[in-house]
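Only one structure is covered here, and it is reproduced in the block below.
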Amino acid sequence: MTNDIFGPFPGGPGPFFPDESWLKALTEGQRARYEELGTNLDVVERRIADACAAAGRPREDVTLIVVTKTYPAEDTALLAGLGVTDVAENRDQDAGPKAEQCRNLPLAWHFVGQLQTNKVRSVVRYANHVHSVDRLRLVGSLSAAVLRSERPELGCLVQVALDKEHGEGGHRAGVAPEDVAELTDAIADTPGLRLDGVMTVAPLAGPLAGDPARAFDRLAEIATAVRAAHPAATMVSAGMSGDLEQAIAAGATHVRVGTAVLGVRSPLG
């Protein structure tokens, strides 16, 4: 990289667009990637807006989280320059250095991957939200790390494995629907943590496999029950590049989009 694109950007806090001097400082390759990402973002934004309109929901009800896993910090900085405010990672060994390099940018960081307890201390250094809380032991580890670091409360979402409701997916991350209430209560009662809501990935097994609309409708039922007990837990994280429309129709408040913005990923090493 021949220039520093990691901020801070001009224009103050909140949604912004870089001024002409920032754009002029980009290399030819960075400018081409910036334009490519901008075009892709426009397409995704139109899809979200159309899905919100079809569902009778305001566009501002849905937050786009761009999943930047496997892509370099430079892409994350370019996304920030395009007005993206929320990014997600699924592996701490990639996310930690990237978040540090982008620390001056106005970004909220979402950790969406399966989280091992030995990675918790690292993750709480940069994550604003962890979407993949799926066991009581992890709740305790997150709380201890947050309190030790003296950082603000960590937003937590319970990852729901919808296939486990039907006896499938025993090896997959996530908690069975019947166990959501116990886990949400535990998070809400644990110091240092804030219960934000629920998350799911469309199941690969069971009766809901291949039918994201029905899967996300089931998550909406679970989210409603969670909010009845915990009114502030309003986040519903669901939907990715291929099924964001169905997720928004079912009430998702956050969609996690990677490929449609950044392109097809290289296989992970």
Side-chain angles (χ1 to χ4, degrees), residues 47-48 51-52 55 57 61-67 69 86-91 110-115 127-136 138-139 142 155-188 193-230 232-260:
R47 288 177 61 189
I48 294 173
C52 287
R57 302 177 61 191
D61 277 3
V62 178
T63 298
L64 169 63
I65 303 172
V66 179
V67 183
K69 64 181 184 181
D86 293 73
V87 295
E89 291 283 331
N90 73 333
R91 302 203 310 177
H110 301 251
F111 190 84
V112 298
Q114 189 170 11
L115 181 54
N128 301 95
H129 306 272
V130 173
H131 290 230
S132 48
V133 181
D134 62 355
R135 58 199 187 278
L136 291 171
L138 183 57
V139 172
L142 287 167
C156 295
L157 289 82
V158 170
Q159 181 173 352
V160 184
L162 294 170
D163 41 7
K164 290 184 179 179
E165 190 166 33
H166 304 282
E168 303 280 352
H171 63 288
R172 295 189 68 193
V175 64
E178 59 266 28
D179 297 324
V180 167
E182 178 186 14
L183 198 53
T184 54
D185 288 348
I187 294 169
L193 307 183
R194 182 185 66 249
L195 176 65
D196 282 348
V198 294
M199 181 273 263
T200 201
V201 177
L204 300 175
L208 300 179
D211 193 345
R214 285 181 59 214
F216 297 144
D217 283 342
R218 178 66 183 112
L219 182 68
E221 295 172 356
I222 295 167
T224 297
V226 169
R227 286 195 301 273
H230 306 283
T234 58
M235 285 180 65
V236 181
S237 173
M240 298 188 289
S241 292
D243 52 23
L244 66 86
E245 286 85 1
Q246 294 94 327
I248 290 171
T253 63
H254 292 69
V255 292
R256 310 179 305 273
V257 178
T259 302

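Along the sequence shown, the residues carry numbers beginning at 1.
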Could you tell me if the side chain of Leu244 sits less than 4.5 Å from the side chain of Arg256, heavy atoms only?
no
Please work out which of the three classes, parallel, tilted or perpendicular, describes the rings of His110 and His254, given edges at 30° and 60°.
tilted
Kindly indicate whether the side chain of Ser132, heavy atoms from C-beta on, has any atom under 4.5 Å from the side chain of Gln114.
no
Interatomic distance, CG@Leu162 vs CG@Asp211, rounded to 0.5 Å, equals 11.5 Å
Heavy-atom nearest pair, Ala223 first then Val236, reads CB-CG2, 3.7 Å
Using a 4.5 Å cut-off on heavy atoms from C-beta on, say whether the side chain of Leu183 contacts that of Leu136.
yes
Under 4.5 Å between any side-chain heavy atoms of Pro177 and Glu221, yes or no?
no
Contact summary for Arg194 and Asn128, nearest pair of heavy atoms:
NH2-O, 4.3 Å
Closest heavy-atom pair, Cys52 versus Val62, reported as atoms and distance to 0.1 Å, is SG-CG2, 3.6 Å
Distance-minimising heavy-atom pair for Ser241 and Arg47
O-NH2, 2.7 Å
I need the Met240 CE to Gln246 CD distance, nearest 0.5 Å.
11.5 Å
Would you say Arg57's side chain and Ile248's backbone share a donor-acceptor pair under 3.5 angstrom?
yes
Are Arg227 and Thr234 side-chain neighbours, meaning at least one heavy-atom pair lies under 4.5 Å?
yes
Side-chain heavy-atom pair Ile65, His131 within 4.5 angstrom cut-off:
yes
First locate atom SG of Cys156, then atom CD1 of Ile187, and finally report the distance between them rounded to the nearest 0.5 Å.
5.0 Å
Of Val160, Thr200, Thr184, which is the lone residue that meets side chain to side chain contact (heavy atoms under 4.5 Å, CB included) with Ile222?
Val160
Leu64 versus Asp86: any side-chain heavy-atom pair under 4.5 Å?
no
Taking all atoms of both residues into account, what is the closest heavy-atom pair of Gly174 and Asp134, and its distance?
N-OD2, 3.1 Å
Identify the heavy atoms of Ala238 and Leu219 that sit nearest to each other, and give their distance.
CB-CD2, 3.8 Å
Distance-only, no hydrogens or angles: does the Asp185 side chain make a donor-acceptor pair with backbone N or O of Glu182 under 3.5 Å?
no
